[in-house]
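For reference, the structure discussed in these notes is given below.
Order of the sequence lines fixes the chain letters, A, B, ..., with proteins taken first and strands second; residue numbering starts at 1 for each chain. All values derive from a computational prediction rather than experimental measurement.
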Amino acid sequence: MTPATLKAIAFRCLAVSLLLLMVEQAAFMTENPFTEAFVNLSILTGLLGGGLYVAAAVKPADRLRDPVLSVWAVGLVVCAVGILLRLIPYGTALHLFADRLNAYVGFPLAAIALGYWLIGRFSTTWTVWQRESLYTVAGLMALAGTLLTLSPVAPFVGNLTLFAAPILVLIVMAHSYHALANRNDNATLAPHWYALGLLLWLLGMGLLGGLRAQPDIYVFTMNLRITQAQSLLTLFAPLCIILGVINQIGAELHGQNGRITGYAPFWLVAFGVIGAALALAADGLVQAYLLALTPMTPSDIGAQLRVLDALGLLGKLSAACGVGIYALSFWLRRPPIPKEKL
Amino acid sequence: MNNRLLSGLLWRVAFAAGFVLLGGAGLYGIVSLFALLRGL
């Protein structure tokens with residue numbers, strides 16, 4: 001397969017990912033039970049498309065030794081294992097484990113690899129540093145993800161994760177700070193989306209994930225909306241990196257160094273996702289306190305939570321609006337078909 | 001137009017359907033938000 005064909009296939013995978021993200025946002029707004037399936041499919045196709053585009057620029061013989069492609073491939077293999085486990089028809093616990101494996105290990109590994117490909121495009125850091133840093137960061141993310149995945153297995157693992165997850169994710173952020181602080185003249189919004197993805201991982205995996213790994217807190221928050229906030233943040237992080245990859249690839253295929261999708265979708269999605277997650281987390285806390293401290297029943301609490309529900313809905317609307325504008329500008333500025341000799 | 005990626009009819013239909021779906025969900029969201037705010 002020629003590099004031009006591979007690039008065209010990769011771009012189409014990313015377009016499908018964006019379409020699935022639009023459907024997911026519509027399902028999320030209407031609280032449809034298929035939301036989770038759409039978000040997982042959107043992430044998988046996006047990661048696949050991004051990796052194929054990276055592979056197009058590397059000689060076939062060098063692909064196994066390429067750091068970005070090797071970490072990306074490990075991430076996708078973990079996702080494949082997760083999907084296979086999900087297909088086994090029996091065992092809710094097994095399905096829960098498979099979901100956690102995908103969200104905490106598979107998606108972060110593949111997405112961080114694409115993030116480091118973006119770093120190669122927007123940062124002036126040395127290639128040697130990028131290579132070393134990617135392996136370190138992938139190891140740290142894999143460790144944090146494994147701890148988060150296995151935290152319900154034993155109380156000791158949960159207690160360890162409470163401290164380890166935030167520290168590990170913070171070290172990952174510190175690595176990326178070096179790259180984000182030393183920028184070249186790349187004008188795309190790839191660094192912005194990458195930074196947003198990292199922030200969401202810090203909140204979703206590091207903060208809420210770490211907190212909820214502690215066995216007592218896990219039991220206390222099991223039926224609260226704080227769990228939705230955590231999964232929203234954790235799953236939107238790889239999506240943000242995919243949106244950055246789409247931005248960068250769009251600019252490259254156009255042969256222009258510019259913002260393809262604009263600032264508006266970025267800020268709308270950032271405000272929307274973080275706002276909705278904060279509202280959901282606060283909703284959970286208020287629910288827990290009202291149930292514990294007052295004689296109210298769960299049916300009475302609904303009226304008390306209306307303000308937070310409205311804020312959560314505003315966040316969802318903002319994120320959906322951002323995704324809509326992103327998709328519109330992506331469609332209007334879709335690039336020319338790549339030629340063989342560019 | 002044909003020298004662009006995603007130029008086929010299927011892509012146009014898919015993206016149009018996506019925009020309609022997202023727009024519909026957005027309208028539903030706005031109506032729900034107003035209903036919520038009215039109840040405050």
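Salt-bridge check for A:Asp309 with A:Arg225: passed, with a basic side-chain N closer than 4.0 Å to an acidic carboxylate O. Classification of A:Glu252 and A:Lys7 as a salt-bridged pair fails, no side-chain N sitting under 4.0 Å from a carboxylate O.
In this view, B:Ser32 and A:Leu313, B:Tyr28 satisfy the side-chain contact (heavy atoms from CB on, under 4.5 Å) rule, not counting sequence neighbours. With sequence neighbours excluded, the residues forming a ring pair (Phe, Tyr, Trp, His ring centres under 6.0 Å) with A:Phe11 are A:Phe330, listed by chain and number. Checked against ring pair (Phe, Tyr, Trp, His ring centres under 6.0 Å), A:Phe122 has no partners two or more places apart in sequence or in another chain.
Although no hydrogens or angles enter the test, the distance criterion places no donor-acceptor pair under 3.5 Å between the side chain of A:Arg259 and the main chain of A:Thr188.
Contacts between residues 15-43 of chain A and chain B, defined by a heavy-atom separation under 4.5 Å, are made by A:Ala15, A:Val16, A:Leu19, A:Met22, A:Val23, A:Gln25, A:Ala26, A:Met29, A:Thr30.
Contact annotation for B:Leu33: both backbone and side-chain heavy atoms come within less than 4.5 Å of a heavy atom of chain A.
With chain A as partner, the option from B:Leu21, B:Ile30, B:Leu6 having the largest number of non-hydrogen pairs under 4.5 angstrom is B:Leu6.
A:Trp117 and A:Tyr53 have their aromatic ring centers within a separation under 6.0 angstrom.
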